[in-house]
Amino acid sequence: MAKETVTIIDNVTGKSIELPLRTGTIGPPAIDITTLYKKLGYFTYDPGFMATASCRSNITYIDGDKGVLLYRGYPIEQLAGKSTFLEVAYLLLYGDLPTRPRLDEFTKVISRHTMINESLKNFYSGFYHDAHPMASMVGVVGSLSAFYHDSTDIHDPKHRDIAAHRMIAKMPTIAGASYKHSIGEPFVYPKNSLSYCANLLHMMFSVPSEEYQIDAVAEQALDLIFILHVDHEQNASTSTVRLAGSSGANPFACISSGITALWGPAHGGANEAVLLMLEEIGDAKEIPKYIAKAKDKDDPFRLMGFGHRIYKNYDPRARIIREMCHRVLKRLGDENDPFFELALKLEELALQDDYFIERKLYPNVDFYSGIIYKVLGIPTNMFTVMFAIARTAGWVAQWTEMIAEPDQRIARPRQVYDGSPERDYVPIELRK
Ligand code: ACO
């Protein structure tokens with residue numbers, strides 16, 4: 001079959017060139033513009049990457065118009081209903097669902113890496129007691145390469161694998177320690193007989209002086225939220241991990257850079273921002289006022305947990321989390337939880353409003369996740385940390401995929417320069 005191409009006609013010079021189309025298994029094809037500058041002398045301009053594919057990937061697929069999300073081809077609804085977080089992490093890392101022995105082995109490997117070097121604990125005493133747990137997490141994860149030199153050779157697939165296991169395994173321990181430090185309680189060591197999420201609950205909520213009973217519903221809810229958050233193709237934090245990794249930086253440093261990008265309220269910080277917004281709204285009768293604020297272009301306020309760059313339909317993850325909210329509240333909280341009621345009403349009113357209809361703004365994954373976290377007793381400033389734990393498995397899968405690409409090269413965007421043309425240096429005495 002002839003290679004499909006697109007003809008670009010340059011109306012300025014009259015030249016025309018053929019550019020190849022890169023076609024994936026599903027989704028729109030992309031015009032390969034890598035030779036555009038050489039052939040026509042132009043860059044392309046796409047701030048915010050509105051229509052730019054930055055890589056080829058076979059990990060996650062999203063159809064934003066239809067509200068479809070697939071991990072390695074499997075619909076999110078099926079994985080959320082039938083799988084576990086570690087099984088999905090395996091799927092993302094290795095491409096296929098594991099057999100029972102493979103999953104058992106993977107689970108064992110991850111649980112063997114849960115402890116962190118004792119010296120890492122000293123880092124926490126350097127943080128002020130009220131440090132945001134995301135701030136300490138960025139620092140501690142970035143410093144992992146100072147402890148685990150034996151897994152930083154990015155060209156060695158074995159090293160890459162060990163680094164991936166270490167990060168997935170140690171993230172809950174680091175998160176637990178960040179939380180314990182922020183409340184002045186002693187760090188709790190991981191217990192490897194527990195599941196991934198039960199271990200996290202144990203490290204966050206148990207104390208040495210008492211028995212701690214893990215609630216099965218809490219464990220299940222966390223596992224589900226982690227499946228929903230584990231990957232989302234080339235979002236801001238994943239692209240940051242890939243960009244940092246493209247220079248050959250070690251994987252721990254790359255994941256730390258992903259955590260910083262995730263923290264912003266337009267991205268993973270939205271789950272924290274949603275709860276703060278619901279607290280601020282306070283009462284259903286105030287909702288119209290806040291919807292009006294969100295629509296007012298002179299007001300920076302936005303409905304947090306609403307809208308998405310890719311989804312122009314209901315975010316499939318939000319639908320699953322909303323259902324989980326009902327179950328969790330029924331078992332652990334109050335089915336008429338005022339925050340949940342407020343969120344449901346806000347969704348209902350926003351989805352009837354022309355502004356939100358015209359712009360196709362729907363609740364995203366983070367609109368309801370904070371309500372579950374709250375019922376589980378997870379404090380608001382830990383919400384984005386929870387997201388980071390889950391997303392780490394996606395980040396390492398994407399990083400590994402990128403490094404393994406034979407023609408991988410440093411990512412280096414171009415720019416349209418808007419500054420002064422060349423000019424001569426003026427001695428200070430002559431400057432006006
Ligand atoms: N409230 C009010 N208006 C909104 C909102 C919102 N939450 N989101 C988008 N809009 C409006 C914009 O003002 C814009 O209006 P205009 O066409 O009149 O200028 C239009 O909808 C398109 O929005 P953009 O900002 O251009 O969309 P973009 O793709 O750049 O941004 C984003 C997507 C950042 C998610 C945005 O919708 C937003 O800020 N949402 C709130 C924060 C949030 O929930 N983030 C979490 C995203 S999911 C995740 O990262 C896990």
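The figures that follow rest on heavy atoms only: side chains count, while hydrogens, waters and symmetry mates do not.
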Is there a donor in the side chain of [X] and an acceptor in the side chain of [Y], or the other way round, less than 3.5 Å apart?
X	Y	answer
His267	Ser237	yes
Glu272	Tyr373	no
Ser369	Asp366	yes
Ser57	Glu233	no

Would you check if the side chain of [X] reaches a backbone N or O of [Y] as a donor-acceptor pair within less than 3.5 Å?
X	Y	value
His202	Tyr189	yes
Asn364	Gly307	yes
Thr240	Ala236	yes
Thr392	Ile168	no
Thr60	His232	no
Lys180	Met204	yes
Glu401	Asn58	yes
Asn199	Lys191	yes
Ser195	Ala198	yes
Arg302	Ala266	no

- Task: For the residue pair Trp263 and His132, categorise the inter-ring angle as parallel (less than 30°), tilted (30 to 60°) or perpendicular (more than 60°).
- Result: tilted
- Using 30° and 60° as the class limits, which term best fits the ring planes of Phe187 and Tyr124: parallel, tilted or perpendicular? perpendicular
Quick one, [X] and [Y] - any side-chain contact, counting heavy atoms below 4.5 Å?
X	Y	result
Lys170	Phe147	no
Val207	Val188	no
Arg391	Asn235	yes
Pro172	Thr114	no
Asp10	Lys39	no
Arg317	Tyr311	yes
Tyr74	Val88	no
Met134	Ile259	yes

Identify whether the distance between the nearest side-chain nitrogen and carboxylate oxygen of [X] and [Y] falls below 4.0 Å.
X	Y	result
Arg102	Glu105	no
Asp231	Arg72	no
Asp104	Lys108	no

Does [atom1] in [X] sit with more than 12 non-hydrogen atoms of other residues, nucleotides or ligands closer than 6.0 Å?
X	atom1	answer
Lys121	NZ	yes
Phe43	CZ	yes
Phe49	CZ	no
Ile31	CD1	no
Arg423	CZ	no

Heavy-atom closest pair, residues [X] and [Y]:
X	Y	result
Val230	Ala393	CG2-CB, 3.6 Å
Asp337	Ile371	OD2-CG2, 4.3 Å
Gly370	Leu275	C-CD2, 3.8 Å

- Begin from the C-alpha positions of Leu344 and Tyr368 and carry the test side chain to side chain contact (heavy atoms under 4.5 Å, CB included) through to its verdict. CA-CA 9 Å; Leu344 287 171; Tyr368 289 106; 3.5 Å; yes
- Query: Going through the checks in order, is the side chain to side chain contact (heavy atoms under 4.5 Å, CB included) test met by Val241 and Ile255?
  - Reply: CA-CA 6 Å; Val241 170; Ile255 299 306; 4.2 Å; yes
- Report the residue from Phe85, Tyr71, Phe387, Phe383 that forms a ring-ring contact (aromatic ring centres under 6.0 Å, His included) with His229. Phe387
- Item | From CH2 (Trp399) to CG (Leu93), nearest 0.5 Å | 10.5 Å
- Task: Can you measure from CG (Leu201) to CG (Leu376) and round to the nearest 0.5 angstrom?
- Result: 7.0 Å
- side-chain contact (heavy atoms from CB on, under 4.5 Å) partner of Glu18, chosen from Thr35, Thr7, Val6, Ile8: Thr7
- Cation-pi check, Arg359 onto Tyr355 ring (under 6.0 Å, within 45° of axis): yes
- Task: Take Ile76 and Ile227 through the test side chain to side chain contact (heavy atoms under 4.5 Å, CB included) and record every step on the way to the result.
- Result: CA-CA 8 Å; Ile76 188 66; Ile227 292 176; 4.2 Å; yes
- Message: side chain to side chain contact (heavy atoms under 4.5 Å, CB included) for Leu70 and Ile26? Distances and angles first, verdict last.
- Response: CA-CA 11 Å; Leu70 312 176; Ile26 25 176; 3.8 Å; yes
